[in-house]
Amino acid sequence: MKLTVLGCSGGIGGDAHRTTALLVDDDVLIDAGTGVADLDIDALARIDHMFVTHAHIDHIACLPLMLDTVGARRAKPLVVHCTVATEAILRAHLFNGLLWPDFTRIPSPNRPFLCFAPLEEGDSCAIGERIFTALPAEHGVPAVGYRVATPRGSFVFGGDSTTCPAFWDAVARIPDLRYLIVEAAFPDSQRELAIRSEHLCPALLAAQLPVHAGAFQLLISHVKPGYADETMRDLQRVAARHAPVMLARGDVYRI
Ligand SMILES: Nc1ncnc2c1ncn2[C@@H]1O[C@@H]2COP(=O)(O)O[C@H]2[C@H]1O
């Protein structure tokens with residue numbers, strides 16, 4: 001399995017910052033933030049599945065645009081996997097015929113560009129040898145993270161989440177974890193904002209990390225633009241034993 005980071009920033013601006021979008025091999029997206037816009041049209045057309053962590057705009061911004069761009073070239077609908085709660089938000093506030101056309105019914109109800117597939121916390125969905133499992137998250141709106149498992153190992157993407165013991169319980173039960181991607185959106189100097197916006201800062205993250213470093217690599221996502229250096233300095237201080245690395249647009253990981 002090849003994991004390509006199309007975007008992992010908490011905002012936009014310049015070459016470095018694209019919002020959340022992870023490409024698994026060449027046919028599955030986890031979230032569709034602004035990083036998706038860097039794919040060419042053939043690459044967009046190859047995407048058959050998208051797993052949504054939550055409905056915030058920085059995680060779904062390119063979904064409506066890619067459907068309109070490549071829907072007519074594709075032989076089958078893009079399958080969007082998410083919780084029923086997230087589907088309800090996307091239907092009510094995005095694919096509502098006002099903000100964007102309802103691509104679950106057009107060009108025709110029989111051959112739409114988009115279909116939803118429910119996936120609740122704890123549920124799994126196999127796509128080829130890759131098994132996607134929704135994990136708990138806490139972000140003020142319905143939210144999940146994902147484990148992606150293969151016979152050679154797993155990675156976890158926590159999505160956007162503040163303190164969430166159930167997520168860490170689930171992570172502790174993954175014996176073959178290779179990469180753990182979790183957020184630290186704000187530095188410790190912005191702890192109150194991190195709490196208000198249901199994110200993490202390094203001190204809040206460190207309080208949840210296992211006491212001992214695991215065999216996995218700890219990768220940090222969703223840092224807000226302008227705070228990268230300060231956040232990484234904080235992390236090196238409070239989570240040094242886990243040797244955290246900041247995820248970057250263009251990074252590729254293989255399992
Ligand atoms: N109470 C708040 N005060 C200021 N900014 C906020 C608040 N809640 C959310 N935000 C910002 O709004 C953003 C929405 O997307 P994010 O969750 O990535 O990050 C969030 C914060 O940057």
Side-chain angles (χ1 to χ4, degrees), residues 5-23 29-38 50-65 80 82-83 85-90 92-95 99-100 121 134-146 156-168 180-208 218-235 244 246-249 251:
V5 180
L6 303 177
C8 58
S9 174
I12 59 171
D15 278 345
H17 303 121
R18 303 284 188 275
T19 69
T20 306
L22 304 178
L23 181 63
L29 279 174
I30 301 177
D31 287 343
T34 64
V36 171
D38 293 325
M50 173 189 170
F51 289 82
V52 186
T53 60
H54 65 296
H56 274 168
I57 196 86
D58 54 325
H59 294 252
I60 56 95
C62 283
L63 171 61
L65 296 166
V80 171
C82 60
T83 63
T86 292
E87 176 183 338
I89 295 168
L90 293 173
H93 301 290
L94 176 55
F95 297 108
L99 198 60
W100 204 249
E121 192 182 299
L135 302 178
E138 289 290 342
H139 192 47
V141 293
V144 296
Y146 290 103
V156 162
F157 174 54
D160 285 14
S161 182
T162 189
T163 299
C164 181
F167 169 78
W168 293 96
L180 175 59
I181 306 171
V182 287
E183 68 139 288
F186 295 100
D188 286 335
S189 65
Q190 304 293 318
R191 181 189 174 105
E192 290 313 311
L193 178 54
I195 291 170
R196 271 206 311 279
S197 58
E198 305 214 38
H199 280 290
L200 291 172
C201 59
L204 291 171
L205 172 60
Q208 301 182 94
L218 180 64
L219 301 167
I220 304 299
S221 72
H222 212 280
V223 177
K224 292 286 177 176
Y227 285 126
D229 291 346
E230 185 182 352
T231 303
M232 283 317 286
R233 271 198 307 275
D234 290 344
L235 278 164
M246 186 165 295
L247 204 61
R249 172 188 171 219
D251 283 352

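The residues of the chain are indexed from 1 along the displayed sequence. Each ligand, and each atom within it, is numbered from 1 in the order the structure gives.
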Less than 3.5 Å apart, which donor and acceptor atoms pair up between the side chains of residues 223-232 and the rest of the protein, not counting sequence neighbours?
| from | atom 1 | to | atom 2 | distance (Å) |
| --- | --- | --- | --- | --- |
| Lys224 | NZ | Gly10 | O | 3.1 |
| Glu230 | OE2 | Ser189 | OG | 2.6 |
| Thr231 | OG1 | Tyr227 | O | 2.7 |

Please output the residues near ligand 1 using a strict heavy-atom distance under 4.0 Å, listed in chain and residue-number order. His56, Asp58, His139, Asp160, Phe186, Leu193, Arg196, Ser197, His199, His222, Lys224
Any donor-acceptor N or O pair under 3.5 Å, side chains His59, Asp160: yes
Indicate yes or no for a side-chain donor-acceptor contact from Asp38 to the backbone of Leu6 under 3.5 Å, with no hydrogens or angles considered. no
Under 3.5 Å, side chain of Thr19 to main-chain N/O of Thr34, donor-acceptor pair present? yes
Atom CG of Leu65: over 12 foreign heavy atoms under 6.0 Å: yes
Does the His139 side chain pair with the main chain of Glu198, one donor and one acceptor, at a distance under 3.5 Å? yes
